[in-house]
**Q** 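The following block contains the structure, expressed as structure tokens.
Quick caveat, the model's predicted, so the values are computed rather than measured. Protein chains get the first letters and strands the later ones, always in sequence-line order, with residue 1 at the start of each.
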Amino acid sequence: MQTAGLIVAVAVILAAAAFGVLRRARDGRVRAVSMSSPALEQLGVRPGQVTLVQFSSAFCAPCRTTRVVCAEVARTTPGVTHVEVDAESHLAQVRELGIRRTPTVLIVSPTGEVIRRAEGAPTLAQLRAALSALGRSASAPSV
Amino acid sequence: MLDPRGPRFAAAITTVVLVLVLAFGSGWLVLAQAVVFGVTALWPRYGPYALIYRPLVAPRLSPPTELEPVAPVRFAQLVGFAFATVAAIGYLSGVTTLGIVAAAFALAAAFLNAAFGFCLGCEVYLALARLRAPRT
């Protein structure tokens, strides 16, 4: 037995467990933010509607789930659209908007300002709640 | 497309293996784990742990409710391969500290994947891309 190695193994598992629990609690949580940037227009965000801007990457399994959730929200909520961005091919905008990991979803107001931000995959309920707080509710209960 | 529980199962075995590596300071065991990572990165469906999962574990579970793309699994295996290889070099060449540190990183990723379904590619790939491309 190697005592140093064993201690490291136990410490790593405890630290990783703490990190994992924290992450799970924070993932997908929609936070209020406020920023505007010309990067949004470059990513295809148009004024006049609420836009869900989703950043995805090639090696990201939860990005698929997030795509389905955002598309469903956009389909059922009037005045809300969904734009998915491949983060890797838009690194300048990724830096500009401070995107650290995928999936990250920004909610952009009709005036082109980022007003909410969620890192990690949000649930349908989390996104709907965030949007109805902004006065955008689903037109009909989803199936 | 893969049953996502397969890679989770593999990550659980990997966690146990890496704890044993650290506990016994075994360069050969972590070298074997590096080979497992490498084979799984090349052929995700035929990785050694997938070959245990499919006949022995999958039949006892309900059919998967969703399937996962292969690319994220591959990416995680490649990262695991890199860390396990460095750990093996460290242990086998007598630089034990290097072996411990590299094995510890691999253990953290494997444990997070097994326990929480942590997606390494989501966290790390964009960060690497941001580092690689020069700031304009």
**Q** Are B:Val86 and A:Val12 joined in one hydrophobic group, where the rule is that I, L, V, M, F, W and Y side chains link up if heavy atoms are under 4.5 Å apart?
**A** no
**Q** Under 4.5 Å between side-chain heavy atoms, hopping through other hydrophobics if needed: is there a path connecting A:Val69 to A:Val80?
**A** yes
**Q** I'd like to check B:Phe116 versus A:Phe19 (side-chain heavy atoms, cut-off strictly below 4.5 Å). Are they in contact?
**A** no
**Q** Below 4.5 Å from any heavy atom of chain A, which atoms of B:Ala108 appear? Answer side chain, backbone, both or neither.
**A** both
**Q** Using non-hydrogen atoms and a 4.5 Å limit, figure out which bit of B:Leu112 sits close to chain A: side chain, backbone, both or neither.
**A** side chain
**Q** For B:Arg130 and A:Val94, what are the C-alpha separation, side-chain angles and deciding distance, and is it a side chain to side chain contact (heavy atoms under 4.5 Å, CB included)?
**A** CA-CA 8 Å; B:Arg130 283 180 65 161; A:Val94 159; 3.9 Å; yes
**Q** Taking the side chain from A:Arg101 and the backbone from B:Val124, do they hold a donor-acceptor pair closer than 3.5 Å?
**A**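 No, because the side chain of A:Arg101 does not come within donor-acceptor range (under 3.5 Å) of the backbone of B:Val124.
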**Q** Consider only side-chain heavy atoms of I, L, V, M, F, W and Y, link residues closer than 4.5 Å, and tell whether B:Leu78 and B:Tyr125 are in one cluster.
**A** no
**Q** Determine whether A:Ile13 and B:Val19 make a side-chain contact, defined as any pair of heavy atoms from C-beta on separated by less than 4.5 Å.
**A**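 Yes, close enough: below the 4.5 Å cut-off.
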**Q** Below 4.5 Å from any heavy atom of chain A, which atoms of B:Leu67 appear? Answer side chain, backbone, both or neither.
**A** backbone
**Q** Is B:Arg132 salt-bridged to A:Glu88, cutoff N-O under 4.0 Å?
**A**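 The answer is yes: the pair qualifies as a salt bridge.
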**Q** Say you draw a straight line from CD of A:Gln2 to OG1 of B:Thr96; how long is it, rounded to the nearest 0.5 Å?
**A** 6.0 Å
**Q** Need one label for A:Ala17: side chain, backbone, both or neither, based on atoms under 4.5 Å from any heavy atom in chain B.
**A**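 Both backbone and side chain of A:Ala17 come within 4.5 Å of chain B.
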**Q** Provide the closest heavy-atom pair for B:Ala104 versus A:Val8 in the form atom of the first, atom of the second, distance.
**A**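 Closest approach of B:Ala104 to A:Val8, heavy atoms only: CB-CG1, 3.7 Å.
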**Q** If I measure from the heavy atoms of chain B, does A:Val21 come under 4.5 Å with its side chain, its backbone, both, or neither?
**A** both
**Q** Under a 4.5 Å side-chain heavy-atom rule over Ile, Leu, Val, Met, Phe, Trp and Tyr, are A:Met35 and A:Leu40 clustered together?
**A**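 In one cluster: yes.
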**Q** Consider only side-chain heavy atoms of I, L, V, M, F, W and Y, link residues closer than 4.5 Å, and tell whether B:Val36 and B:Val21 are in one cluster.
**A** yes
**Q** If you look at every heavy atom in A:Arg24 and B:Ala115, which pair is closest and at what distance?
**A**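 Minimum heavy-atom contact is NH2-O, 3.9 Å.
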**Q** Could you tell me which residues in residues 42-62 of chain A have at least one non-hydrogen atom under 4.5 Å from a non-hydrogen atom of chain B, sorted by residue number?
**A**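 The list, in residue order, reads A:Ser57, A:Ala58, A:Phe59, A:Cys60, A:Ala61, A:Pro62.
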**Q** Taking all non-hydrogen atoms of both residues into account, name the closest pair between B:Ala129 and A:Leu91 and its distance.
**A** O-CD1, 3.4 Å
**Q** Would you mind telling me which of A:Leu6, A:Val10, A:Ile7 has the largest number of heavy-atom pairs within less than 4.5 Å of chain B?
**A** A:Leu6
**Q** Considering only heavy atoms, which portion of A:Ile99 lies under 4.5 Å from any heavy atom of chain B: side chain, backbone, both, or neither?
**A** both
